[in-house]
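Start at 1 and go down the list; that is how both ligands and their atoms are numbered. On a predicted model such as this, the values are computed, not experimentally measured, just so you know.
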Amino acid sequence: MKHFLDLSMISKSDLQNILSEAKRRKLKQSKLGKVIISEQSHAKDKLLLMVFEKPSTRTRLSFDIAMRQLGGGTIVMNSNDMHLGKGNESVEDTAKVISSFSDIVMFRTFKHQTLLDLSKLLTVPLINGLTNLSHPCQLLSDVMTFEEKKGSIKGAKVAWVGDGNNVANSAVEAAVQFEFNLNICVPKKHLPSKKVLDWAENNNGKIDIFHDPKKGIKGVDCIMSDKWVSMGDKGDTKKKKKSLRSFQINDKLMTFAKKDAIYLHVLPAAREEEVTSSVIDGKQSLVWVQAENRLHGQKAIIDWCLSN
Ligand code: CP
Ligand code: NVA
(Lines give C-alpha, C1' and ligand atoms only; values in the text may rest on other atoms or scores of the structure.)
(Ligands and ions follow the chains in the order given, each with its own letter.)
Protein backbone atom coordinates (compact mmCIF):
# COMPACT_ATOMS: atom_id res chain seq x y z
CA MET A 1 0.00 0.00 0.00
CA LYS A 2 1.33 3.43 -0.98
CA HIS A 3 0.71 6.49 1.20
CA PHE A 4 1.63 10.03 0.07
CA LEU A 5 2.70 11.48 3.41
CA ASP A 6 5.87 13.45 2.75
CA LEU A 7 8.23 13.99 -0.18
CA SER A 8 11.10 12.60 1.92
CA MET A 9 9.26 9.26 2.17
CA ILE A 10 8.89 8.73 -1.59
CA SER A 11 11.72 7.74 -3.93
CA LYS A 12 13.11 10.27 -6.38
CA SER A 13 12.09 8.10 -9.32
CA ASP A 14 8.50 7.75 -8.08
CA LEU A 15 8.31 11.53 -7.61
CA GLN A 16 9.59 12.08 -11.15
CA ASN A 17 6.97 9.64 -12.45
CA ILE A 18 4.19 11.42 -10.54
CA LEU A 19 5.37 14.77 -11.93
CA SER A 20 5.46 13.51 -15.51
CA GLU A 21 2.04 11.96 -15.10
CA ALA A 22 0.64 15.27 -13.80
CA LYS A 23 2.01 17.12 -16.85
CA ARG A 24 0.74 14.45 -19.25
CA ARG A 25 -2.74 14.47 -17.74
CA LYS A 26 -2.87 18.27 -17.89
CA LEU A 27 -2.24 18.24 -21.64
CA LYS A 28 -4.96 15.62 -22.18
CA GLN A 29 -7.55 17.23 -19.91
CA SER A 30 -7.22 20.74 -21.32
CA LYS A 31 -9.32 19.71 -24.32
CA LEU A 32 -12.10 18.22 -22.18
CA GLY A 33 -14.83 19.55 -19.87
CA LYS A 34 -14.41 19.89 -16.13
CA VAL A 35 -16.08 16.60 -15.18
CA ILE A 36 -15.33 14.52 -18.25
CA ILE A 37 -13.37 11.40 -17.40
CA SER A 38 -10.05 11.86 -19.15
CA GLU A 39 -8.84 8.29 -19.56
CA GLN A 40 -8.20 5.05 -17.74
CA SER A 41 -6.98 5.35 -14.18
CA HIS A 42 -6.63 3.25 -11.08
CA ALA A 43 -9.26 5.47 -9.44
CA LYS A 44 -12.13 4.41 -11.70
CA ASP A 45 -15.18 3.49 -9.57
CA LYS A 46 -13.17 4.13 -6.40
CA LEU A 47 -14.14 6.44 -3.54
CA LEU A 48 -11.93 9.20 -2.12
CA LEU A 49 -12.81 10.32 1.40
CA MET A 50 -11.52 13.77 2.35
CA VAL A 51 -11.36 14.83 5.98
CA PHE A 52 -10.66 18.46 6.83
CA GLU A 53 -9.76 19.74 10.29
CA LYS A 54 -8.96 23.16 8.79
CA PRO A 55 -10.47 25.26 5.97
CA SER A 56 -9.48 24.71 2.35
CA THR A 57 -10.39 26.03 -1.08
CA ARG A 58 -7.76 24.72 -3.51
CA THR A 59 -7.05 21.37 -1.90
CA ARG A 60 -10.71 20.52 -1.56
CA LEU A 61 -11.69 21.62 -5.07
CA SER A 62 -8.69 20.06 -6.79
CA PHE A 63 -9.02 16.68 -5.08
CA ASP A 64 -12.76 16.54 -5.68
CA ILE A 65 -12.51 17.45 -9.37
CA ALA A 66 -9.44 15.23 -9.81
CA MET A 67 -11.29 12.18 -8.50
CA ARG A 68 -14.29 12.88 -10.79
CA GLN A 69 -12.02 13.26 -13.81
CA LEU A 70 -10.38 9.96 -12.90
CA GLY A 71 -13.78 8.24 -12.89
CA GLY A 72 -14.20 7.92 -9.14
CA GLY A 73 -16.36 9.51 -6.47
CA THR A 74 -15.76 11.62 -3.37
CA ILE A 75 -17.11 12.29 0.10
CA VAL A 76 -15.96 15.34 2.07
CA MET A 77 -16.19 15.43 5.86
CA ASN A 78 -15.31 18.22 8.23
CA SER A 79 -13.80 16.95 11.44
CA ASN A 80 -16.37 19.02 13.39
CA ASP A 81 -19.04 16.64 12.11
CA MET A 82 -17.12 13.52 13.18
CA HIS A 83 -16.77 11.74 16.52
CA LEU A 84 -12.98 11.61 16.17
CA GLY A 85 -11.09 14.05 18.39
CA LYS A 86 -14.05 14.70 20.72
CA GLY A 87 -13.46 11.75 23.01
CA ASN A 88 -16.40 9.94 21.37
CA GLU A 89 -14.39 7.50 19.25
CA SER A 90 -10.76 6.40 19.09
CA VAL A 91 -8.51 6.85 16.05
CA GLU A 92 -8.28 3.04 15.86
CA ASP A 93 -12.03 2.52 15.59
CA THR A 94 -12.47 5.46 13.21
CA ALA A 95 -9.71 4.05 10.98
CA LYS A 96 -11.52 0.71 10.71
CA VAL A 97 -14.73 2.38 9.57
CA ILE A 98 -12.96 4.73 7.14
CA SER A 99 -11.04 1.79 5.66
CA SER A 100 -14.22 -0.16 5.00
CA PHE A 101 -16.11 2.72 3.37
CA SER A 102 -13.41 4.25 1.18
CA ASP A 103 -10.66 3.24 -1.23
CA ILE A 104 -8.35 6.18 -0.53
CA VAL A 105 -8.26 8.96 2.06
CA MET A 106 -6.99 12.56 2.06
CA PHE A 107 -6.51 14.19 5.44
CA ARG A 108 -5.84 17.84 6.41
CA THR A 109 -4.97 17.91 10.08
CA PHE A 110 -3.47 20.10 12.80
CA LYS A 111 -1.00 17.53 14.12
CA HIS A 112 1.37 15.73 11.81
CA GLN A 113 1.46 12.88 14.32
CA THR A 114 -2.27 12.25 13.82
CA LEU A 115 -1.57 11.74 10.11
CA LEU A 116 1.25 9.29 10.88
CA ASP A 117 -0.89 7.41 13.42
CA LEU A 118 -3.74 7.15 10.94
CA SER A 119 -1.41 5.89 8.21
CA LYS A 120 -0.51 2.90 10.36
CA LEU A 121 -4.12 2.05 11.11
CA LEU A 122 -5.77 2.45 7.69
CA THR A 123 -5.89 -0.41 5.22
CA VAL A 124 -6.26 2.04 2.31
CA PRO A 125 -3.79 4.70 0.99
CA LEU A 126 -3.58 8.02 2.80
CA ILE A 127 -2.63 11.41 1.30
CA ASN A 128 -1.32 14.35 3.34
CA GLY A 129 -3.55 17.33 2.50
CA LEU A 130 -1.52 19.63 4.84
CA THR A 131 -0.40 19.32 8.45
CA ASN A 132 1.38 21.68 10.83
CA LEU A 133 4.65 20.24 9.48
CA SER A 134 4.21 19.79 5.76
CA HIS A 135 2.22 20.22 2.56
CA PRO A 136 3.76 17.86 -0.02
CA CYS A 137 0.94 18.09 -2.62
CA GLN A 138 1.54 21.83 -2.85
CA LEU A 139 5.21 21.42 -3.69
CA LEU A 140 4.40 19.00 -6.47
CA SER A 141 2.31 21.65 -8.22
CA ASP A 142 5.00 24.26 -7.53
CA VAL A 143 7.72 22.17 -9.16
CA MET A 144 5.36 21.43 -12.06
CA THR A 145 4.64 25.16 -12.52
CA PHE A 146 8.35 25.96 -12.49
CA GLU A 147 9.16 23.27 -15.06
CA GLU A 148 6.34 24.25 -17.43
CA LYS A 149 7.81 27.73 -17.67
CA LYS A 150 11.53 27.17 -17.24
CA GLY A 151 12.35 23.53 -17.95
CA SER A 152 13.91 21.12 -15.49
CA ILE A 153 14.17 22.44 -11.94
CA LYS A 154 17.30 20.34 -11.34
CA GLY A 155 20.15 22.72 -10.52
CA ALA A 156 17.89 25.81 -10.56
CA LYS A 157 18.07 28.45 -7.83
CA VAL A 158 14.91 28.93 -5.79
CA ALA A 159 14.25 31.17 -2.79
CA TRP A 160 11.68 30.53 -0.09
CA VAL A 161 10.87 33.92 1.46
CA GLY A 162 8.93 34.58 4.66
CA ASP A 163 7.95 32.15 7.38
CA GLY A 164 9.78 28.82 7.80
CA ASN A 165 6.45 27.03 8.02
CA ASN A 166 4.87 23.71 6.94
CA VAL A 167 5.17 24.54 3.23
CA ALA A 168 8.78 25.67 3.72
CA ASN A 169 9.53 22.24 5.20
CA SER A 170 8.09 20.59 2.10
CA ALA A 171 10.09 23.00 -0.07
CA VAL A 172 13.27 21.78 1.67
CA GLU A 173 12.28 18.17 1.00
CA ALA A 174 11.42 19.04 -2.62
CA ALA A 175 14.84 20.69 -3.07
CA VAL A 176 16.53 17.42 -2.06
CA GLN A 177 14.25 15.13 -4.06
CA PHE A 178 14.13 17.25 -7.25
CA GLU A 179 17.74 18.41 -6.81
CA PHE A 180 17.43 22.21 -6.86
CA ASN A 181 19.24 24.83 -4.77
CA LEU A 182 17.06 26.41 -2.13
CA ASN A 183 17.74 29.67 -0.31
CA ILE A 184 15.64 29.83 2.82
CA CYS A 185 15.10 33.53 3.59
CA VAL A 186 13.46 33.76 7.01
CA PRO A 187 13.88 35.64 10.30
CA LYS A 188 16.11 33.85 12.83
CA LYS A 189 13.10 32.94 14.98
CA HIS A 190 11.12 31.38 12.14
CA LEU A 191 13.38 28.72 10.66
CA PRO A 192 11.96 25.56 9.08
CA SER A 193 11.94 22.36 11.17
CA LYS A 194 15.40 21.35 12.43
CA LYS A 195 14.55 17.72 11.76
CA VAL A 196 13.79 18.49 8.11
CA LEU A 197 16.93 20.65 7.72
CA ASP A 198 19.06 17.87 9.26
CA TRP A 199 17.46 15.33 6.92
CA ALA A 200 18.29 17.59 3.96
CA GLU A 201 21.89 17.94 5.09
CA ASN A 202 22.24 14.17 5.41
CA ASN A 203 20.80 13.72 1.93
CA ASN A 204 23.07 16.12 0.01
CA GLY A 205 20.55 18.95 0.06
CA LYS A 206 21.75 22.27 -1.27
CA ILE A 207 19.99 24.46 1.27
CA ASP A 208 21.32 27.85 2.38
CA ILE A 209 19.80 29.99 5.08
CA PHE A 210 19.62 33.80 4.85
CA HIS A 211 18.21 36.34 7.24
CA ASP A 212 18.61 39.19 4.75
CA PRO A 213 16.05 38.61 1.98
CA LYS A 214 17.98 40.75 -0.53
CA LYS A 215 20.98 38.44 -0.24
CA GLY A 216 18.84 35.29 -0.37
CA ILE A 217 16.94 36.39 -3.45
CA LYS A 218 19.99 37.52 -5.40
CA GLY A 219 20.09 35.84 -8.80
CA VAL A 220 17.35 33.25 -8.15
CA ASP A 221 15.11 31.78 -10.87
CA CYS A 222 12.06 31.51 -8.66
CA ILE A 223 10.64 33.06 -5.50
CA MET A 224 8.23 31.04 -3.38
CA SER A 225 6.17 32.53 -0.58
CA ASP A 226 3.23 31.94 1.72
CA LYS A 227 1.21 33.68 4.42
CA TRP A 228 3.14 34.84 7.46
CA VAL A 229 0.57 33.35 9.82
CA SER A 230 -0.59 29.82 9.11
CA MET A 231 -3.82 28.15 10.18
CA GLY A 232 -3.49 27.06 13.78
CA ASP A 233 -0.43 29.26 14.42
CA LYS A 234 -0.23 30.04 18.10
CA GLY A 235 1.73 32.85 19.66
CA ASP A 236 2.07 36.56 19.16
CA THR A 237 1.08 37.07 15.53
CA LYS A 238 1.62 40.85 15.71
CA LYS A 239 5.22 40.32 16.80
CA LYS A 240 5.72 37.68 14.13
CA LYS A 241 4.40 39.94 11.36
CA LYS A 242 6.65 42.76 12.58
CA SER A 243 9.72 40.53 12.37
CA LEU A 244 8.72 39.58 8.82
CA ARG A 245 8.13 43.07 7.48
CA SER A 246 11.40 43.30 5.55
CA PHE A 247 10.57 39.95 3.90
CA GLN A 248 7.59 41.38 2.00
CA ILE A 249 7.86 40.56 -1.71
CA ASN A 250 7.47 43.88 -3.46
CA ASP A 251 8.71 45.39 -6.71
CA LYS A 252 11.97 46.48 -5.10
CA LEU A 253 12.80 43.07 -3.65
CA MET A 254 11.92 41.41 -6.96
CA THR A 255 14.70 43.37 -8.68
CA PHE A 256 17.30 41.33 -6.77
CA ALA A 257 16.14 38.10 -8.45
CA LYS A 258 16.92 37.24 -12.09
CA LYS A 259 15.03 39.46 -14.53
CA ASP A 260 12.96 36.53 -15.75
CA ALA A 261 12.44 34.96 -12.31
CA ILE A 262 8.97 33.59 -11.60
CA TYR A 263 6.92 34.34 -8.52
CA LEU A 264 4.88 31.63 -6.75
CA HIS A 265 2.56 31.77 -3.73
CA VAL A 266 0.89 28.86 -1.93
CA LEU A 267 -2.38 30.86 -1.62
CA PRO A 268 -4.49 32.09 0.04
CA ALA A 269 -2.51 35.36 0.10
CA ALA A 270 -2.67 38.28 2.49
CA ARG A 271 -2.12 41.04 -0.04
CA GLU A 272 0.07 43.94 1.09
CA GLU A 273 1.46 41.76 3.90
CA GLU A 274 3.77 39.05 2.53
CA VAL A 275 3.29 40.27 -1.08
CA THR A 276 2.14 43.42 -2.80
CA SER A 277 -0.64 43.30 -5.38
CA SER A 278 1.82 44.68 -7.91
CA VAL A 279 3.86 41.47 -7.62
CA ILE A 280 1.12 38.86 -7.23
CA ASP A 281 -0.79 40.40 -10.16
CA GLY A 282 2.39 41.22 -12.04
CA LYS A 283 4.05 39.70 -15.11
CA GLN A 284 6.35 37.37 -13.20
CA SER A 285 3.57 35.84 -11.11
CA LEU A 286 2.31 32.36 -12.00
CA VAL A 287 0.15 31.89 -8.93
CA TRP A 288 -3.09 31.08 -10.78
CA VAL A 289 -1.43 28.47 -12.98
CA GLN A 290 0.19 27.10 -9.82
CA ALA A 291 -3.24 26.80 -8.17
CA GLU A 292 -4.69 25.09 -11.25
CA ASN A 293 -1.78 22.68 -11.31
CA ARG A 294 -2.94 21.34 -7.96
CA LEU A 295 -5.66 19.53 -9.94
CA HIS A 296 -3.24 17.77 -12.25
CA GLY A 297 -0.87 17.00 -9.40
CA GLN A 298 -3.65 15.45 -7.32
CA LYS A 299 -4.67 13.20 -10.21
CA ALA A 300 -1.14 11.87 -10.53
CA ILE A 301 -0.85 11.40 -6.76
CA ILE A 302 -4.18 9.55 -6.47
CA ASP A 303 -3.32 7.32 -9.43
CA TRP A 304 0.13 6.54 -7.96
CA CYS A 305 -1.35 5.68 -4.56
CA LEU A 306 -3.90 3.31 -6.10
CA SER A 307 -1.50 1.59 -8.50
CA ASN A 308 0.39 -1.50 -7.39
N1 CP B 1 -2.72 26.07 -1.16
C2 CP B 1 -3.68 25.42 -0.50
O3 CP B 1 -3.50 24.29 -0.02
O4 CP B 1 -4.85 26.09 -0.45
P5 CP B 1 -6.15 25.71 0.38
O6 CP B 1 -5.85 25.94 1.83
O7 CP B 1 -7.21 26.60 -0.16
O8 CP B 1 -6.46 24.25 0.15
N1 NVA C 1 1.04 27.70 5.56
C2 NVA C 1 -0.36 27.80 5.29
C3 NVA C 1 -0.70 27.12 4.00
C4 NVA C 1 -2.15 27.21 3.60
C5 NVA C 1 -2.46 26.42 2.38
C6 NVA C 1 -1.15 27.21 6.43
O7 NVA C 1 -0.77 26.16 6.93
O8 NVA C 1 -2.14 27.82 6.84
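Using a 4.5 Å cut-off on side-chain heavy atoms (C-beta onward), S285 and Q290 make no contact. Taking the side chain as every heavy atom from C-beta outward, F107 and T114 approach each other to under 4.5 Å.
Every atom of ligand 2 with a heavy atom of S230 under 4.0 Å away is listed here by number and element: 1 (N), 2 (C), 6 (C), 7 (O), 8 (O). Of all atoms in ligand 1, numbered sequentially from 1 with element shown, those under 4.0 Å from a heavy atom of V266 are 1 (N). Close contacts between ligand 1 and L267 involve ligand atoms 1 (N), 2 (C), 4 (O) [criterion: under 4.0 Å to a heavy atom]. Distances below 4.0 Å separate heavy atoms of H135 from the following atoms of ligand 1: 2 (C), 3 (O). Close approach to L130 involves these atoms of ligand 2, each under 4.0 Å from a residue heavy atom: 3 (C), 4 (C), 5 (C), 7 (O).
For atom 2 (C) of ligand 1, the closest non-hydrogen atom on the protein side is R294 NH1, 3.3 Å. The protein atom (non-hydrogen) at minimum distance from atom 7 (O) of ligand 1 is T57 N, 2.7 Å. Counting only heavy atoms of the protein, atom 4 (O) of ligand 1 lies nearest to R58 NE, 2.9 Å.
In this structure, the separation between CE on M9 and OG on S119 is 6.5 Å, given to the nearest 0.5 Å. The distance from atom CG of N128 to atom CG of L126, rounded to the nearest 0.5 Å, is 7.5 Å. Rounding to the nearest 0.5 Å gives a distance of 10.0 Å between CG of L84 and CD of E92.
By the criterion of a heavy-atom distance under 4.0 Å, the side chain of N166, and not its backbone, is placed next to ligand 2.
Nearest approach of W199 to S8, heavy atoms of both residues: CZ2-CB, 3.4 Å.
In this structure, K240 is not positioned above the aromatic face of W228 in the sense of NZ or CZ being under 6.0 Å from the six-membered ring centre and within 45° of the axis.
Considering each of L267, D226, L133, the one bringing a non-hydrogen atom nearest atom 3 (C) of ligand 2 is D226.
Polar contact check, L130 against ligand 1: no nitrogen or oxygen pair lies under 3.5 Å apart. Polar contact check, S56 against ligand 1: a nitrogen or oxygen pair lies under 3.5 Å apart. The shortest N/O to N/O separation between M231 and ligand 2 falls below 3.5 Å.
Using a 4.0 Å heavy-atom cutoff, R108 is listed among the residues neighbouring ligand 1.
Defined by atom type and a distance below 3.5 Å, a donor-acceptor pair is present between the side-chain atoms of D14 and W304.
Placement of L116 and L118 within a single hydrophobic cluster is found when ILVMFWY residues are connected by side-chain heavy-atom separations under 4.5 Å, directly or transitively.
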